[in-house]
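The first residue of the sequence shown is numbered 1, and numbering continues consecutively from there.
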Amino acid sequence: MQTLPTPTSSNTTSSQPTFDTTIQRRKTRPVKVGNVTIGGGYPVVVQSMINEDTLDIDGSVAAIRRLHEVGCEIVRVTVPSLAHAVALAEIKQKIIKTYQDVPIVADVHHNGMKIALEVAKHIEKVRINPGLYVFEKPNTNRTEYTQAEFEEIGDKIRETLEPLVVSLRDQGKAMRIGVNHGSLAERMLFTYGDTPEGMVESALEFIRICESLDFRNLVVSMKASRVPVMVAAYRLLAKRMDELGMDYPLHLGVTEAGDGEYGRIKSTAGIATLLADGIGDTIRVSLTEAPENEIPVCYSILQALGLRKTMVEYVACPSCGRTLFNLEEVLHKVREATKHLTGLDIAVMGCIVNGPGEMADADYGYVGKTPGYISLYRGREEIKKVPETEGVEELINLIKTDGRWVDP
């Protein structure tokens, strides 16, 4: 059998190469949203959005509380009219009075200056969409955009955006510049096409206006419903911002991902790809389901990448002919008994072949080495062998002995 030659080194002392298995996140500035900080090396923040009508004050308060209680750290609320903006002020006060102060983002769209100025008085962050904030009437007969026309629209954007920027700046609040692939402004579509380049240029135009007004409490997003477009847009934005000396945190999401298994896979494909690149400071998984269903997916993505540890990490082999017990059933029992714990790695392995070696990094191991018996491990050390019927109970006792157990 042919083998590769051993690498040689010019150094007199040989050493094994070292590889960093932790994700090196892109350095970004910290942006405070109420009592939560996005970027600046802080943990990746989890967001979602309620789907109640904001005019339903009690329903909205209850929805915000439900999301926050399951781990959502920033909640977005749609504000399509001035009446909704006034209602959001009451929602904010009621959630503080009846629960606690949850950071809220107001989602402002079409010609939203008056709406945005009103909600900016009451909540911590305003999200605007550059493609919709200033309406550009489509011209199907257009053959070009002159420089003068481009600048005229740019001046209109600045005129409309400036009061909001000044308000947020003076209050120490934040803004998300949220570009959507499906709602680019006409001149961006005309100039760049339906491309990541157009998305990036749209964001940069708004960023420059904010910077010219000395406002930098910005978070930026590049959402698309197609994963390759979304990934390309964020990567291009990060590259362009690095070239321009901009260090704004990024909010990641695949918009309109759908529901069920595919919606989760689609969101994970986009969000996890970028997080693994070190890109991203806050995330939302957009599912056509109850918003509370989004939060476990977010935390699973972050846990799988080693970015946040919020639950038990289970290591389990897929089972095969060597397995000495019903691995699927036992894994379920172990999970049900320990899923309320945090910060632990627990391995459930079906045989000695996949046992100690594959679970070497786990805190505790549950291994089928002998028919009818379970070997329990602490790290790499076998602690005891117990009857299979007592395996889960004895695992819990071992965790309790180590002082790492808390009651559900």
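Judged as a ring-ring contact (aromatic ring centres under 6.0 Å, His included), and not counting sequence neighbours, the contacts of F190 are Y145. With sequence neighbours left out, the side chain to side chain donor-acceptor pair (under 3.5 Å) criterion links H181 to D194. Partners of E211 by side chain to side chain donor-acceptor pair (under 3.5 Å), not counting sequence neighbours, listed by chain and number: Y248. Residues satisfying the side chain to side chain donor-acceptor pair (under 3.5 Å) test with R208, not counting sequence neighbours, are none. With sequence neighbours excluded, no residue satisfies ring-ring contact (aromatic ring centres under 6.0 Å, His included) with Y42. Checked against side chain to side chain contact (heavy atoms under 4.5 Å, CB included), P30 has the following partners two or more places apart in sequence or in another chain: T37. Here H340 pairs with W405 under the ring-ring contact (aromatic ring centres under 6.0 Å, His included) rule; sequence neighbours left out. For K125, the salt bridge (charged side-chain N to carboxylate O under 4.0 Å, His left out) test picks out no residue, with sequence neighbours left out. The side chain to side chain donor-acceptor pair (under 3.5 Å) test applied to T268 returns no partner, not counting sequence neighbours.
Looking at heavy atoms from C-beta onward, R29 lies out of side-chain contact with M246 at the 4.5 angstrom threshold. The shortest distance between side-chain heavy atoms of E381 and I383 falls below 4.5 Å. With contacts defined as side-chain heavy-atom distances shorter than 4.5 Å, the pair M230/I271 qualifies. Within the 4.5 Å cutoff, the side chain of H84 has heavy atoms near those of the L55 side chain. Between E124 and K92, the closest side-chain pair of non-hydrogen atoms falls below 4.5 Å. Residues V75 and I50 are in side-chain contact: their nearest non-hydrogen atoms beyond the backbone lie under 4.5 Å apart. No side-chain heavy atom of I374 sits less than 4.5 Å from a side-chain heavy atom of V330. With a 4.5 Å cut-off on side-chain heavy atoms, L395 and V334 count as touching.
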Are F206 and I157 close enough, and set up right, to give a side-chain contact (heavy atoms from CB on, under 4.5 Å), and what steps lead you there? CA-CA 8 Å; F206 274 65; I157 290 172; 3.6 Å; yes
From CA spacing to verdict: side-chain contact (heavy atoms from CB on, under 4.5 Å), V406, L341: CA-CA 7 Å; V406 294; L341 302 174; 3.5 Å; yes
Run K339 and V312 through side-chain contact (heavy atoms from CB on, under 4.5 Å) and show every step you take. CA-CA 6 Å; K339 65 183 180 182; V312 174; 6.0 Å; no
Salt bridge (charged side-chain N to carboxylate O under 4.0 Å, His left out) for K114 and E118? Distances and angles first, verdict last. CA-CA 6 Å; K114 289 183 179 179; E118 177 62 31; over 6 Å; no
Checking side-chain contact (heavy atoms from CB on, under 4.5 Å) for the pair F215/I209: CA distance, chi angles, key distance, verdict? CA-CA 9 Å; F215 178 62; I209 293 171; over 6 Å; no
Hey, mind stepping through D247 and R216 against salt bridge (charged side-chain N to carboxylate O under 4.0 Å, His left out) and telling me if it holds? CA-CA 9 Å; D247 59 354; R216 291 175 172 79; over 6 Å; no
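We find that E205 and R187 are joined by a salt bridge, their nearest charged nitrogen and carboxylate oxygen being less than 4.0 Å apart. With respect to R25 and D281, a salt bridge is recorded, a charged nitrogen being found less than 4.0 Å from a carboxylate O.
In this structure, E90 contributes its side chain and I57 its backbone to no donor-acceptor pair below 3.5 Å. A donor-acceptor distance shorter than 3.5 angstrom exists from the side chain of T401 to the backbone of N397, with no hydrogens or angles considered. A donor-acceptor pair is defined here as one N or O able to donate and one able to accept, closer than 3.5 Å; such a pair exists between the side chain of R308 and the backbone of V44. Q303 contributes a side-chain N or O that, together with a main-chain N or O of M311, makes up a donor-acceptor pair within less than 3.5 Å. E294 contributes a side-chain N or O that, together with a main-chain N or O of L287, makes up a donor-acceptor pair within less than 3.5 Å. Checking side-chain atoms of T28 against main-chain N and O of G40 turns up a donor-acceptor pair under 3.5 Å. R404 places no side-chain N or O within 3.5 Å of a backbone atom of L344 that could act as its donor or acceptor partner. Of the possible polar contacts, none joining the D345 side chain to the D363 backbone as a donor-acceptor pair under 3.5 Å is found. Proximity of a side-chain donor or acceptor of R240 to a complementary backbone N or O of V200 within less than 3.5 Å is not detected. With hydrogens and angles ignored, the 3.5 Å screen pairs a side-chain donor or acceptor of Y299 with a backbone N or O of G71.
In this structure, I74 CD1 and L67 CG are separated by 12.5 Å, a value rounded to the nearest 0.5 Å. A distance of 10.0 Å separates CG in L237 from CD in E201, rounded to the nearest 0.5 Å. Residue L213 holds its CG atom at 11.5 Å from CG of L168, rounded to the nearest 0.5 Å.
Side-chain N/O atoms of T338 and Y314 include a donor and acceptor closer than 3.5 Å. For the 3.5 Å distance criterion, the side chains of N180 and T255 fail to qualify, holding no donor opposite an acceptor. At a cut-off of 3.5 Å, with distance as the only test, a side-chain donor of Q24 or T22 sits close to an acceptor on the other residue. In this structure, a donor-acceptor pair under 3.5 Å is absent between the side chains of D277 and Y234.
In the displayed structure, E69 atom CD is contacted under 6.0 Å by more than 12 heavy atoms of other residues, nucleotides or ligands. Counting heavy-atom neighbours within 6.0 Å of K32 NZ, excluding the residue itself, gives a total above 12.
Screening R65, R76, R66 for a salt bridge (Lys or Arg N to Asp or Glu O under 4.0 Å) involving E52 leaves a single residue, R66. When the options D56, D101, D58 are evaluated for a salt bridge (Lys or Arg N to Asp or Glu O under 4.0 Å) with K94, the one that passes is D58.
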Acceptor/donor pairs from residues 218-227 side chains to any protein atom, 3.5 angstrom cut, sequence neighbours excluded:
{"residue": "S221", "atom": "OG", "partner": "R176", "partner atom": "NH1", "Å": "2.7"}
{"residue": "K223", "atom": "NZ", "partner": "H251", "partner atom": "NE2", "Å": "3.3"}

Could you list the donor-acceptor pairs under 3.5 angstrom formed between side-chain atoms of residues 146-154 and any protein atom two or more places apart in sequence or on another chain?
{"residue": "T146", "atom": "OG1", "partner": "E149", "partner atom": "N", "Å": "3.0"}
{"residue": "T146", "atom": "OG1", "partner": "E149", "partner atom": "OE1", "Å": "3.3"}
{"residue": "Q147", "atom": "NE2", "partner": "E151", "partner atom": "OE2", "Å": "3.1"}
{"residue": "E149", "atom": "OE1", "partner": "R142", "partner atom": "NH1", "Å": "3.3"}
{"residue": "E149", "atom": "OE1", "partner": "T146", "partner atom": "N", "Å": "3.0"}
{"residue": "E149", "atom": "OE2", "partner": "R142", "partner atom": "NH1", "Å": "3.2"}

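Scanning all heavy atoms of the two residues, the minimum distance from K385 to S375 falls at CE-OG, 3.8 Å. When all heavy atoms of L117 and S167 are compared, the closest pair comes out as CD2-CB, 4.3 Å.
Listed by first then second residue, pairs satisfying salt bridge (charged side-chain N to carboxylate O under 4.0 Å, His left out) with a partner in residues 248-265 read R264-E289, not counting sequence neighbours.
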